[in-house]
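Inspection log for the structure reproduced underneath, given as structure tokens.
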Number of protein chains: 2
Amino acid sequence: MPADRGRPPAPPTISEVAAEAGVGRATAARTLGGYGYVSPELKERVLAAAEKLGYRANALARSMSTGVSHTLGVVVADIGNPFFAGMVRGICDASRARGFDTIVLSTYEDLDEEIAATGVLIDKRVDGVIIASAAVGRDEVTHIRTALKQGVPVVLVDRAVGSLDLDTVVIDNRDVAREAVETLIAAGHRRIGFVWGPPVAQAPATRRALLAAAARNVWTDGERLRGYLDALDDAGVPFDPELVMVGPKTEEHATEEVGRMLALPHRATALFCTETDAMTGALRAMRARKLSYPGDLSLIGFDDSAWAAVMDPPLTMIEQPVRRLGAKAAEVLLDSLEGAEPRRETHTLQARLVVRSSVAPPPAR
Amino acid sequence: MPADRGRPPAPPTISEVAAEAGVGRATAARTLGGYGYVSPELKERVLAAAEKLGYRANALARSMSTGVSHTLGVVVADIGNPFFAGMVRGICDASRARGFDTIVLSTYEDLDEEIAATGVLIDKRVDGVIIASAAVGRDEVTHIRTALKQGVPVVLVDRAVGSLDLDTVVIDNRDVAREAVETLIAAGHRRIGFVWGPPVAQAPATRRALLAAAARNVWTDGERLRGYLDALDDAGVPFDPELVMVGPKTEEHATEEVGRMLALPHRATALFCTETDAMTGALRAMRARKLSYPGDLSLIGFDDSAWAAVMDPPLTMIEQPVRRLGAKAAEVLLDSLEGAEPRRETHTLQARLVVRSSVAPPPAR
DNA sequence: CTGTTAGCGCTTTCAG
DNA sequence: CTGAAAGCGCTAACAG
């Protein structure tokens, strides 16, 4: 009567190893856990027994008694998005190097999902949490405050949250955005479209209203908008609300909005696209009108990729240090787990404008 | 003497809730855990007490006694790669919908990393594991056998492993590859380059040697090569080892290899690229030689994206149902966790050839 | 229907 | 230096 295919044999416990080695449970635990003193001979016997039985520590049980799970929680908008995927890779690599695994949850920009995700992570007793939060107002961060209150350190990544004084790792969105727009202005453009604005139904008529709308949405978008405005102001280029995209943030809608900007009596001659899909949407709108770049329209976009480099002509793009962004966040968190006083400061990483060939002077009238 | 900023107060336990409600621990556990019978009145009191104390169950402790962690483990080559990121998103969404979270580990195609990752997951007592394995030979799957032996169900995703009789979810790589190459042949091509072959140093001289080399590497690559060969055979187009790329699988090397194929006395007139970077590498090689598609060279590649659609002309690409791939794997695994007899079968999802404008007849001599 | 009791597997005092 | 014993927070028999 061989193999009883039913319940596989329960994995060996530390007690069994101790028994096999003929020592006390504590002694086995000490050698296997690598703490406390054990005489070489006993240690040897325990190790042999463990080896023989194929012993592997039950991480759950260990976490139960130590209160440490060696697991980090990560909350992002969408793990399927290449930007977050790259960032998560940075987080995983950095934490893995220090003995931590990660459990990542996507929220799809839904605050309730974010709250639920944070709760799940706390329940699973992660040692710390890294969040790219969709929260903006003071009243939208109670889940983060709760985590903190329960002793779970949190570091913010990619998106700062004004009302929270926490370690935060972001990219200098505003500065690169300004640099990009300055590049466009330097080439002679004064009608520069901003593609991927706040998802409001109606275009805010004033800068103030626009900024207010942006303040209620994703932090990075607002910063990029500010950088755009900074460059305009510095150069004395008038701001025109008709040149900023509003509405749903989808490739399709970007195509429509760019179409609109291209149909304006005094049309856009350059576009600053703040997201990959904004750029591809813009490209579609151009194709539909048989317009080409940089002749008819100059282009600069966010998030460089291999594709942008092989476009014809190659696209001038902003490259974000995605991996480092994640790695830095993990390191800051891990440092604070290892006792370093949390500095509660903002770490800003620099993005880089990769100049290629999608910018030229505006077409002569 | 206000807030003692040191140790935050330990979160309330079920015993405290029970005490607060003036009932036994078990009663509190039953209502909070949602099992067994509890009278409405007591239930009410427990709920109130839990609410008041801000009670949240400790998932670790729960897992300890139930032996179920409601966590799935995922092992992929690289979470930062858009293909795997999309697949992981499918896995996460599907498992989240059924109450499971996931912890994902990247191996970077290193078998030792894969073995270590699997071990970590088992130690953390995940309820099941989904692996896109780099293993090929019988002797490379002992870690998977070990998991199975310990009662941890495993499903294979994206890559089948011949020596393992397990539930497997893959895409019909061979069929679409054949379809793509047939499309090229139908347009009149007979000199079709295969970009991204097995990473061997020297080009295998014979088909047999080539296939053998492929069999020792990533499963999907081998399948795509077979599809390529299938199409050639069906059409009676002779196989030429000079038309298959060998060496490291990097964009740079793809550029070199395509350059070589383009310099052949009887040069390639079409390319079948089995990976995104193979395509961008090919595009770079073409640019360097001022060649354009589809006039000088026809192109078909794997892994469609928004970029491929906005290239000029738009690229004919193979679209893989990445999310569904992951979702299906999660479902199969979850089903078996819920007791369904594992079917140990292979589920094949269909990829789709998205015909655009990168294929034309070969240039006249 | 409810409370008591005994673990899950490991760490951690605390004597010896 | 080693072993016995208590306990982490929860579930699960088992009486009552």
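Labels below follow one simple rule: chain letters A, B, ... track the order of the sequence lines, proteins then strands, and each chain is numbered from 1.
Nearest-nucleotide mapping onto DNA chain C: of B:V38 and B:R125, the residue sitting toward the 5' end is B:V38. Projected onto DNA chain D by closest heavy-atom contact, A:E41 and B:S65 fall at different nucleotides, the more 5' of which corresponds to A:E41. Both B:M64 and B:A26 lie near DNA chain C, and the one whose nearest nucleotide falls closer to the 5' end is B:A26.
Looking at heavy atoms from C-beta onward, B:F84 lies out of side-chain contact with B:I79 at the 4.5 angstrom threshold.
Atom OH in B:Y55 sits roughly 10 Å away from atom P in D:dG9 (whole-Å rounding). Taking atom OH of B:Y37 as the reference point, atom P of D:dG16 lies 23 Å away to the nearest angstrom. The distance from atom CZ of B:R45 to atom C1' of C:dG3 is 13 Å, rounded to the nearest whole Å. A:I14 has its CD1 atom 14 Å from the P atom of C:dC8, to the nearest Å. Rounded to whole Å, the distance from CD on B:E16 to C1' on D:dG7 is 15 Å. Whole-Å rounding puts the B:N58 CG to D:dT11 C1' distance at 13 Å. One atom, CG of A:L32, and another, P of C:dT11, lie 8 Å apart when rounded to the nearest Å.
Side chain to side chain, A:R25 and A:S15 meet the donor-acceptor criterion of an N or O pair below 3.5 Å.
To the nearest 0.5 Å, the span separating OG1 on A:T102 from CD1 on A:I130 amounts to 8.5 Å. For the atom pair CD1 of A:I144 and CD1 of A:I131, the computed distance is 4.5 Å after rounding to the nearest 0.5 Å.
When each of C:dT2, D:dT11, C:dT11 is scored by its nearest atom to the side-chain atoms of A:Y35, the top-ranked nucleotide is C:dT11. Distances were taken from every side-chain heavy atom of B:S39 (C-beta onward) to each of C:dT2, D:dC10, C:dT12; the shortest belongs to C:dT2. Minimum atom distance to the side chain of A:R30 is reached by D:dT2, of the listed C:dT2, C:dC10, D:dT2. When each of C:dT11, D:dT11, C:dC10 is scored by its nearest atom to the side-chain atoms of B:R62, the top-ranked nucleotide is D:dT11. Nearest to the side-chain atoms of A:R25 among the listed nucleotides D:dC10, C:dC8, C:dC10 stands C:dC10.
A sub-4.0 Å separation between OP1 or OP2 of D:dG3 and a side-chain N or O of A:T27 is present.
Within 4.0 Å of A:L42, counting heavy atoms only, lie sugar-phosphate atoms of the nucleic acid but no base atom.
A salt bridge links A:R56 to B:D123: one of the charged nitrogens lies within less than 4.0 Å of a carboxylate oxygen.
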